[in-house]
Amino acid sequence: MSSSEGAPESWISSFCSLMGHEFFAEVSEDFIEDDFNLTGLQSQVPMYKKALEMILDVEPEDEDEDSEEEEEEEEDEILGDERPPGYRRAGDRRHTRVASDLSVIESSAELLYGLIHQRYITSRPGIQQMLEKYEMQHFGFCPRANCNGCKVLPVGRSDTPGQDTVKLFCPSCQDIYTPPNSRFHSVDGAFFGTTFGCLFFMTFPDLDVSPRLENSLSPPSPPNRNQSRSSSLTSQGALTQQSSVTGSSAPNQPTEINGVRTVNFCPSLGPGKIYEQRIYGFRVSELSRAGPRMRWLRMKPTDITELDESTIYHNSVRQRQMNRRHLQPGETEAGNDGDTDMTNVPTGSSQSPGGRRKLAPMRRRKQGTTNADQMSINGG
């Protein structure tokens, strides 16, 4: 294959231009030539060296041709003009072997490139290249109706090849879907891996993942002069109804939690964005046989601070420390050396040192009596 300029097209460009490979990014040759980036792949790919040479468009060595020419000369000297009826020369055998090995090398090259691609898209240049494809909507949109056409990202459910095909991850509802086009059903999900989806949105926390069709579905209409008061009343009623359906958000919400914008926390989930089954206007009970199931997977807290687990943990630790400092009278607290504080313990009680010394002989006598009774019962 050749490009429009006349120069031969590389194997990587031709592979990414095939039908069904639109999700792939073109891995740079500098990344592939670095041996550190290919650590551990030699044991996973058969015919690793030849597959790598095919990806980098490196011509194979001619040692096999020289050895086969020497074999042909030796066979001609030994056989001479007398050859069996089904005899083929070494060159003919080589051509048949190359034709069979070429398909194996091609499949090994595709597998090797997919595993390299899994590591490349988690690097800085690779994730930047995938960002450009994401913004240009190369990966499609979420099929969920309440997501209103949010852009999705290709991910895999396993890092091992041959386990599952590629899936589409929606950041708006935090779920994965099978690509609607059947040409992507043969792409291995391990070529994208399980790390890329989460790392992508952590690398670009300012990325807007809100539904792209939300504004286009309800365009604002300018009010007329005669209907200004009625339109304002209607808009107020609509806002009140919407707030009652969707639920008003709690005040003083943080703009970021752990470096991630709170507006990107599942914008298509929560009250009003979960499908409710109804019959003649009445909601179907969850206890019914045909009732909704697993609705808690679509729930979203009204107060977004409930998702800040780090702050909740530190607040609980701080509360425990405050409770230890303000103890009730009569309670003890272990010191640094492990001894018990005896300042609030009465002198005659059994917990004081003197009380322990006085009760010790009584304990021994009781133990001796118990042992004697047991001996007499057993007939000793």
Side-chain angles (χ1 to χ4, degrees), residues 1 3-5 9-32 55 109-159 161 164-217 261 264 266-268:
M1 300 177 66
S3 60
S4 59
E5 298 178 356
E9 189 177 11
S10 63
W11 186 92
I12 298 176
S13 300
S14 62
F15 176 80
C16 295
S17 61
L18 293 175
M19 182 177 295
H21 293 177
E22 289 84 357
F23 292 168
F24 286 92
E26 293 190 9
V27 183
S28 61
E29 295 184 357
D30 297 335
F31 184 86
I32 301 177
I55 293 175
E110 294 179 0
L111 175 61
L112 178 60
Y113 182 80
L115 296 176
I116 295 174
H117 182 269
Q118 177 195 133
R119 302 182 179 186
Y120 176 72
I121 59 179
T122 56
S123 63
R124 180 175 297 180
I127 205 169
Q128 187 69 31
Q129 189 174 349
M130 296 297 282
L131 174 64
E132 297 176 359
K133 297 173 72 68
Y134 177 80
E135 292 178 345
M136 296 175 65
Q137 305 174 2
H138 285 184
F139 307 127
F141 311 100
C142 181
R144 185 170 177 263
N146 285 327
C147 286
N148 295 328
C150 180
K151 292 177 289 187
V152 293
L153 203 67
V155 295
R157 294 200 295 181
S158 175
D159 294 330
D164 199 359
T165 58
V166 65
K167 305 299 179 183
L168 297 177
F169 171 70
C170 175
S172 183
C173 61
Q174 298 286 320
D175 208 345
I176 59 175
Y177 302 91
T178 302
N181 200 326
S182 60
R183 62 184 178 183
F184 300 110
H185 294 176
S186 59
V187 180
D188 201 322
F191 296 164
F192 297 89
T194 58
T195 306
F196 169 65
C198 182
L199 183 63
F200 181 84
F201 293 104
M202 292 180 66
T203 307
F204 308 105
D206 296 333
L207 196 64
D208 187 14
V209 299
S210 59
R212 67 182 185 94
L213 299 178
E214 192 171 12
N215 298 328
S216 62
L217 291 177
R261 295 176 59 191
N264 291 337
C266 303
S268 295

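Values below: every heavy atom of this structure, side chains too, minus hydrogens, waters and symmetry copies.
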Shortest non-hydrogen contact from [X] to [Y]?
X	Y	answer
G197	L153	CA-CD2, 4.1 Å
C147	C170	SG-SG, 3.8 Å
I32	V27	CG1-CG1, 3.8 Å
L115	P161	CD2-CG, 3.6 Å
P154	F23	CB-CD1, 4.0 Å
R183	S186	O-OG, 3.8 Å

(message) Looking at D159 and T194, would you say the former's side chain and the latter's main chain have a donor-acceptor pair under 3.5 Å?
(response)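 Judged by distance alone, yes, a pair lies under 3.5 Å.
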(message) For N181, give me all partners under side chain to side chain donor-acceptor pair (under 3.5 Å), at least two apart in sequence or on another chain.
(response)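 Not a single residue meets the side chain to side chain donor-acceptor pair (under 3.5 Å) criterion with N181.
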Given side chains that start at C-beta, do those of [X] and [Y] come closer than 4.5 Å, heavy atoms only?
X	Y	answer
P125	F31	no
F200	L207	yes
C173	N146	no

Within this structure, what is the [atom1]-[atom2] distance for the pair [X] and [Y], rounded to the nearest 0.5 Å?
X	Y	atom1	atom2	value
E110	F191	CD	CZ	7.5 Å
Y177	C142	OH	SG	4.0 Å
K151	E135	NZ	CD	6.0 Å
L131	I121	CG	CD1	13.0 Å
M202	T195	CE	OG1	11.0 Å
F184	L168	CZ	CG	8.5 Å

(request) List the steps, then state whether side-chain contact (heavy atoms from CB on, under 4.5 Å) holds for I127 with T122. (result) CA-CA 6 Å; I127 205 169; T122 56; over 6 Å; no
(request) Take R144 and D175 through the test side-chain contact (heavy atoms from CB on, under 4.5 Å) and record every step on the way to the result. (result) CA-CA 10 Å; R144 185 170 177 263; D175 208 345; over 6 Å; no
(request) Please list all pairs passing the side chain to side chain donor-acceptor pair (under 3.5 Å) test where one or both residues lie in residues 18-31, with sequence neighbours left out. (result)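 Checked against side chain to side chain donor-acceptor pair (under 3.5 Å) - neighbours excluded - no pair reaches residues 18-31.
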(request) Give me the ring orientation class for F192 and F24: parallel if the planes are under 30° apart, tilted from 30 to 60°, perpendicular past 60°. (result)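 Ring orientation of F192 relative to F24: tilted.
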(request) Mind running side-chain contact (heavy atoms from CB on, under 4.5 Å) on T178 and K167 for me, showing each step along the way? (result) CA-CA 5 Å; T178 302; K167 305 299 179 183; 3.4 Å; yes
(request) Kindly indicate, with the supporting measurements, whether the criterion side-chain contact (heavy atoms from CB on, under 4.5 Å) is fulfilled by W11 and Y113. (result) CA-CA 10 Å; W11 186 92; Y113 182 80; 3.9 Å; yes
